[in-house]
There are 2 protein chains.
Amino acid sequence: MKDAPARRTLAEIRASGMTIEDCPIRDVIAGLSGKWSVLILLALEEAPHRFGALRRAVPDVSQRMLTITLRDLQRDGLLTRTVHPTVPPSVEYALTELGQSLVQAVLPLIGWADRHHGAIRGARRSFDAAGL
Amino acid sequence: MKDAPARRTLAEIRASGMTIEDCPIRDVIAGLSGKWSVLILLALEEAPHRFGALRRAVPDVSQRMLTITLRDLQRDGLLTRTVHPTVPPSVEYALTELGQSLVQAVLPLIGWADRHHGAIRGARRSFDAAGL
DNA sequence: CAGTATCCTGCTTGATACTG
DNA sequence: CAGTATCAAGCAGGATACTG
């Protein structure tokens, strides 16, 4: 059911007088362009996670970048942040419905990445070997 | 002992020879994270374009960034670059099969962006209005 | 545990000028 | 037409230390 759209991009966007900053495509891509956003969303799609659990689930993310990225995703309405008033505190992050629908939309790309990553690496080697 | 590797620092990762290229998801996302890659791929999915036509099709892209982005996409095997030995020269860019399959994998995300961009903007306004 | 605060580096991008 | 070359600015991101 998510199949019909598509051709909406260039002609229509320019015809409607949108600037590049108002372009939904660029805005969403920019949101996912961070180094960690997609990995965090994928981790949360499996189950809600606490802060520390997310750190372990997303290897190599720094505390600082995890905090910042989570706040951006929360701001965009993609996940909820729930503070449990325990001692020590625990904070649980979970996808909203909007976030879940985004993950579904990203999944085809993830699958593509897995299937074709080898081809990309091969293309890079050929390109570089050609000495350009 | 099985969870030891979770806390590697970036320095240690580099020292061990690992790069971002070793994670397919991050590598592909990084490739699309440029400010222009997706828009260029979408333009080329409509039809092959010459350099100047691409500049017009992707508003606000600078000559420099278009050159660089096209080169990266070519290097990854996503598009072909064909020089026609005319005077003045003309260069045509077209998607490879790999590039076409990537566009198909990105299309659901494009559709999602169109449908939910308003919700994201609304969430941002609420979040900012809450004074955080 | 779940963050802040601070400092610092390098990459990405833009502007501008030049070329085959 | 389709690029290259060079310079400069801004921001993303990392390391480290501190806190309620």
Side-chain angles (χ1 to χ4, degrees), chain A residues 19-21 26 29-40 43-44 48-75 79-94 132, chain B residues 6-16 18-21 23 26-27 29-40 43-44 48-75 79-94 132:
Chain A
T19 72
I20 210 77
E21 276 72 27
R26 277 220 30 75
I29 291 287
L32 298 179
S33 289
K35 215 166 165 181
W36 311 107
S37 304
V38 173
L39 294 178
I40 291 172
L44 291 180
H49 280 63
R50 290 176 49 184
F51 187 87
L54 268 179
R55 267 190 97 173
R56 272 168 260 122
V58 184
D60 307 330
V61 68
S62 69
Q63 194 170 32
R64 176 184 130 91
M65 287 317 298
L66 183 54
T67 300
I68 291 175
T69 307
L70 284 170
R71 217 155 69 83
D72 289 344
L73 296 174
Q74 183 195 358
R75 178 173 180 261
L79 56 80
T80 58
R81 176 180 182 270
T82 308
V83 181
H84 296 102
T86 58
V87 178
S90 84
V91 180
E92 188 171 79
Y93 293 90
L132 307 105
Chain B
R7 283 310 327 278
R8 287 170 308 200
T9 65
L10 185 63
E12 289 173 312
I13 290 172
R14 289 198 175 126
S16 71
M18 276 194 65
T19 69
I20 193 177
E21 296 187 5
C23 173
R26 289 214 344 229
D27 195 17
I29 292 287
L32 299 178
S33 290
K35 216 165 165 180
W36 312 106
S37 303
V38 172
L39 294 178
I40 291 172
L44 291 180
H49 280 64
R50 289 176 51 184
F51 188 87
L54 268 180
R55 268 191 94 171
R56 272 168 261 123
V58 183
D60 304 332
V61 67
S62 68
Q63 193 171 33
R64 177 184 130 87
M65 288 316 298
L66 184 54
T67 300
I68 291 174
T69 307
L70 285 169
R71 208 177 162 72
D72 289 344
L73 295 174
Q74 182 195 359
R75 178 171 179 261
L79 56 81
T80 57
R81 176 179 183 271
T82 308
V83 181
H84 296 103
T86 58
V87 178
S90 84
V91 180
E92 188 169 79
Y93 294 90
L132 304 141

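Quick note: numbers below take in every heavy atom, side chains included, and nothing from hydrogens, waters or symmetry partners. This structure is a prediction, so every number in the text was calculated from the model and none was measured. Here is how names work: the chains are called A, B, and so on, in the same order as the sequence lines, proteins then strands, and each is numbered from 1.
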- Given Watson-Crick or G-U pairs with both distances under 3.5 Å, what dot-bracket string fits DNA chain D, with | for other-strand pairs and [ ] for crossing? ||||||||||||||||||||

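- Closest of all the heavy-atom pairs between B:T86 and B:S90 is OG1-N, 3.5 Å.
- Residues A:P88 and A:T67 each lie close to DNA chain C; by heavy-atom proximity, the contact nearer the 5' end of the strand is made by A:P88.
- One atom, CD1 of B:I68, and another, P of D:dT6, lie 14 Å apart when rounded to the nearest Å.
- In this structure, A:E92 places its CD atom 17 Å from C1' of C:dG3, rounding to the nearest Å.
- Distance, B:R81 CZ to D:dA2 C1': 8 Å, rounded to whole Å.
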- For each nucleotide in nucleotides 7-12 of chain C, reading 5' to 3', give B when a protein heavy atom comes within less than 4.0 Å of its base, S when such contact involves only the sugar-phosphate, and - otherwise. ------

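- Taking the side chain of B:Q63 as heavy atoms from C-beta on, and the options C:dG3, D:dT4, D:dG14, the nearest nucleotide is D:dT4.
- In this structure, the CG atom of B:L70 is 16 Å from the P atom of D:dC1, given to the nearest Å.
- Atom C1' of nucleotide D:dT4 and atom CG of B:L66 are separated by 14 Å, given to the nearest angstrom.
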- Please lay out, stage by stage, how B:E92 and B:H84 fare under the test side chain to side chain contact (heavy atoms under 4.5 Å, CB included). CA-CA 8 Å; B:E92 188 169 79; B:H84 296 103; 3.9 Å; yes

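- Looking only at distances, no side-chain donor or acceptor of B:R81 sits under 3.5 Å from a matching main-chain atom of B:V91.
- To the nearest 0.5 angstrom, A:T67 atom OG1 is 3.5 Å from A:F51 atom CZ.
- Each of B:L32, B:L44, B:L79 was checked for a side-chain contact (heavy atoms from CB on, under 4.5 Å) with B:L73, and the lone residue meeting it is B:L79.
- With C:dG3, D:dA2, C:dA2 as the choices, the nucleotide that has an atom nearest any side-chain atom of A:R50 turns out to be C:dA2.
- In this model, the phosphate group of D:dC1 is not approached by any side-chain N or O of B:Y93 to a distance below 4.0 Å at OP1 or OP2.
- At whole-Å resolution of the value, CZ in B:R71 and C1' in D:dG3 are 11 Å apart.
- For B:G34 against A:R26, the heavy-atom pair with the smallest separation is O-NH1, 4.2 Å.
- The minimum heavy-atom distance between B:L66 and B:R55, with the atom names listed, is CD2-CG, 3.3 Å.
- Across B:L54 and B:H49, no two heavy atoms sit closer than the pair CG-CB, 3.6 Å.
- In this structure, A:H49 atom NE2 and C:dC1 atom P are separated by 15 Å, rounded to whole Å.
- Checked by atom type and distance alone, the side chain of A:S37 never pairs as donor or acceptor with a backbone atom of A:T69 at under 3.5 Å.
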